[in-house]
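Keep in mind the model is a prediction, meaning the values are calculated, not measured. Labels below follow one simple rule: chain letters A, B, ... track the order of the sequence lines, proteins then strands, and each chain is numbered from 1. Atom set for the values below is all heavy atoms of this structure, side chains included, hydrogens, waters and symmetry mates excluded.
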Amino acid sequence: MKASQFFISTLKEAPADAEVVSHQLMMRAGMIKRLGAGIYNYMPMGLRVIRKVEAIIRDEMNRAGAVELLMPVVQPAELWQETGRFEKMGPELMRVKDRHDRDFIIQPTSEEVVTDIARQELRSYKQLPKNFYHIQTKFRDERRPRFGIMRGREFTMKDAYSFDRDAAGAAKSYEQMSAAYKRIFDRFGLTYRAVAADTGAIGGDLSHEFQVIAQTGEDAIIYCPTSDYAANIELAEAVAPATPRGPATQALVKTPTPGKATCADVAALLGLDLTQTVKSLVLATDELDERGVVVKTTVWLLLVRGDHDMNEVKVGKLEGLKNGFRFATVPEIEAHFGCKPGYLGPIGLLQPVKIVADRTVAQMSDFVCGANAWDHHYTGANWGRDLPEPDLVADIRNVVEGDPSPDGKGVLAIERGIEVGHVFYLGTKYSKAMNATFLDETGKPALMEMGCYGIGVTRILGAAIEQNHDARGIIWPASIAPFQVAICPIGYDRSAEVKAAADALHAELLALGVDAILDDRGERPGAMFADWELIGVPQRVVLSDRGLKEGLVEVQGRRETEAGKLALPMPLSPPSRKSSPMAVSGVLPLSP
RNA sequence: CGGGGCGUAGCGCAGCCUGGUAGCGCACCUGCCUUGGGCGCAGGGGGUCGCGUGUUCAAAUCACGCCGCCCCGACCA
């Protein structure tokens with residue numbers, strides 16, 4: 001490829017609305033152009049990266065036995081009504097009507113359509129297992145699109161769906177996909193972690209997120225540096241403290257804490273550590289009759305230590321709360337606690353309240369909590385003496401750095417990640433809703449066991465840049481770089497020798513199957529170098545009259561600060577075979 | 001959805017408060033010059049100032065409405 005024939009459009013300044021570095025660099029490098037909120041044009045340079053990402057995904061998906069098909073972007077609402085998602089999903093699901101006023105959706109994912117295909121086509125156990133995937137445009141009407149391509153509304157995703165005859169088979173499919181994902185992310189050349197994730201209503205433990213490690217990541221990843229344990233923060237278990245509850249040593253005292261409504265303020269006022277305080281959160285659950293009218297409301301008091309945060313996902317799994325909960329209203333709070341929010345606590349309740357203590361809180365003694373009286377807290381509160389033991393003790397908080405690892409093999413650490421892949425066991429959720437059955441050996445219909453597996457194709461670009469960039473621009477891993485080598489001749493248009501040498505090298509690299517681009521634009525060297533560094537091409541070859549006189553060219557890796565000199569002709573080797581899972585190294589020898 | 005901010009040339013911005021000729025840098029075009037880190041000089045093209053209504057002799061500027069975009073927040077009392 002010659003640069004003059006290709007399309008290169010770089011900017012010195014990033015558009016003002018680009019906040020995160022990947023967004024800024026992709027705009028500056030001319031890879032994407034914004035068309036609307038969360039909607040982008042993929043310009044030629046960016047599309048080349050997308051195509052390379054897709055090629056690796058296809059290669060490994062096919063190797064893992066998945067079969068590619070293509071399902072429509074616009075899908076009839078009927079299928080989504082079958083599973084109830086047409087009504088259940090929020091405005092994130094884009095609904096459209098056609099000229100006949102019929103309902104359609106723009107797909108955010110394709111469980112319904114693929115299940116529809118499966119129930120029609122897969123009729124015998126002999127046809128299972130089967131894994132269908134596609135790489136397709138998705139649309140999610142995010143309430144707030146941001147971070148450029150990383151949280152756009154329109155994006156490209158690879159989604160795969162496995163169909164098995166039983167749960168054991170589905171587990172096997174899941175493992176195959178996990179293994180394929182590891183190969184895929186290894187080939188991308190990115191630092192990532194597979195973390196256990198919450199399975200929501202499905203249950204079981206078969207859900208993993210593939211997170212690209214980056215300081216700017218939206219997700220907190222919990223892992224144990226001394227073991228294999230890794231989970232996202234929704235799931236990571238906070239184990240009960242090893243030390244038993246201490247004895248009560250203080251008397252219960254109602255202490256004035258005027259204007260100090262937060263645990264941090266109270267602790268500071270009383271000169272105590274935040275870990276001696278208890279935070280009160282009030283939830284409510286409603287029982288409905290068949291007409292949907294509230295017949296009974298239960299108020300819950302959740303207690304976590306002052307320095308801990310409640311974990312809504314964990315709370316949502318508790319008996320009595322798992323069918324949905326809300327935060328209590330102020331009138332409800334006043335009726336049960338006799339106090340407005342700010343000084344609430346578990347002692348001296350006006351009406352029965354279900355008390356759930358976090359495991360840590362249940363082990364505390366001589367703690368500080370709200371006194372259910374304005375501007376007052378209790379100090380020296382103790383379970384069993386000043387208030388009954390809690391109705392329920394459970395893990396209801398987020399883990400924090402330094403907590404013991406649930407596997408008992410060290411302490412937990414936290415780092416940030418960008419979720420770029422997710423593997424998930426679905427069970428029979430969709431096959432049941434859509435009656436997707438097959439005939440087993442006994443001739444009886446059975447529900448298909450499903451799994452789904454996604455990779456955010458366009459998000460990979462953002463994640464790769466967040467993880468790999470410097471002051472000069474992007475640093476693509478070789479396997480997904482738009483070009484592997486940029487040939488930069490100095491004086492291409494005025495030196496016959498330079499032109500001949502550059503053309504020859506270009507032809508030779510192309511013949512070897514190397515994605516090389518020859519910069520024949522006639523730019524000055526500084527402009528040329530700055531462009532390719534911004535774009536992030538892994539290797540650059542510079543040819544000049546000066547060097548050619550000595551029979552030398554310069555080769556420089558994008559991460560290197562100095563060029564190495566190589567004698568002509570260069571000892572070129574073909575790039576590692578496509579099938580190699582580690583085709584991430586450069587194609588040119590970097591030093592003689 | 002709540003709060004804040006912005007909309008002036010392809011990009012980055014000034015001008016608006018205090019109404020009267022629309023300006024700067026980058027990019028772009030022409031010529032000369034230069035050629036190892038985004039050259040220099042000279043000349044040039046390009047903007048219904050987001051849209052609409054109103055106030056006024058006169059509106060980018062003031063008022064009202066709409067649209068678009070960006071940021072922060074969304075229940076931890």
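Searching all strands for a Watson-Crick or G-U wobble partner of rC6(B) with both distances below 3.5 Å returns rG68(B). When both pairing distances are held under 3.5 Å, rU56(B) makes no Watson-Crick or G-U pair with any nucleotide shown.
Nearest-nucleotide mapping onto RNA chain B: of Glu19(A) and Lys12(A), the residue sitting toward the 5' end is Lys12(A).
In this model, a donor atom of one side chain and an acceptor atom of the other lie less than 3.5 Å apart for Tyr492(A) and Asp503(A). Side-chain contact of Arg245(A) with Asn382(A): a donor-acceptor pair under 3.5 Å is absent, judged by distance alone.
Using a 4.0 Å heavy-atom criterion, one finds that Ser9(A) contacts no nucleic acid atom at all. Residue contacts shown for Val304(A) are absent, as no nucleic acid heavy atom lies under 4.0 Å away. Using a 4.0 Å heavy-atom distance criterion, Leu302(A) is classed as making no nucleic acid contact. At a threshold of 4.0 angstrom between heavy atoms, the contacts of Ala37(A) are confined to the sugar-phosphate backbone, with no base atom among them. Residue contacts for Arg494(A): at a heavy-atom cut-off of 4.0 Å it reaches a base atom on one of the strands shown. Residue contacts shown for Val330(A) are absent, as no nucleic acid heavy atom lies under 4.0 Å away. Heavy atoms of Asp17(A) sit under 4.0 angstrom from primed sugar atoms or phosphate atoms, though from no base atom. Across all strands, Arg397(A) comes closer than 4.0 Å to no nucleic acid atom at all (heavy-atom distances).
When the P atom of rC69(B) is taken as reference, atom CZ of Phe147(A) falls 18 Å away, rounded to whole Å. Atom P of nucleotide rC76(B) and atom CG of Leu274(A) are separated by 16 Å, given to the nearest angstrom. Between the CD atom of Glu142(A) and the P atom of rC69(B) there is a distance of 15 Å, rounded to whole Å.
Within a 6.0 Å radius of CD in Gln215(A), other residues, nucleotides and ligands contribute 12 heavy atoms or fewer. Residue-environment remark: CD (Glu87(A)) exceeds the threshold of 12 foreign heavy atoms within 6.0 Å. Dense packing is recorded around NZ of Lys97(A), with more than 12 heavy atoms of other residues, nucleotides or ligands lying under 6.0 Å away.
Between the side chain of Glu13(A) and the base of rG25(B) there is at least one donor-acceptor pair of N/O atoms closer than 3.5 Å. Below the 3.5 angstrom threshold, one finds no donor paired with an acceptor across the side chain of Arg521(A) and the base of rG38(B). Donor-acceptor pairing under 3.5 Å, judged by distance alone, is absent between the side chain of Arg146(A) and the base of rG73(B).
Between rG38(B), rC75(B), rC69(B), one nucleotide has an atom nearer to the side chain of Phe327(A) than all others, and that is rC75(B). Between rG38(B), rG12(B), rG36(B), one nucleotide has an atom nearer to the side chain of Pro15(A) than all others, and that is rG12(B). The side chain of Lys279(A) approaches rC76(B) more closely than any other nucleotide in the set rG12(B), rG36(B), rC76(B).
Using a 4.0 Å cut-off, some side-chain N or O of Arg524(A) falls inside it from OP1 or OP2 of rC39(B).
Taken from NE2 in His377(A) to CD1 in Ile347(A), the straight-line distance is 11.5 Å, to the nearest 0.5 Å.
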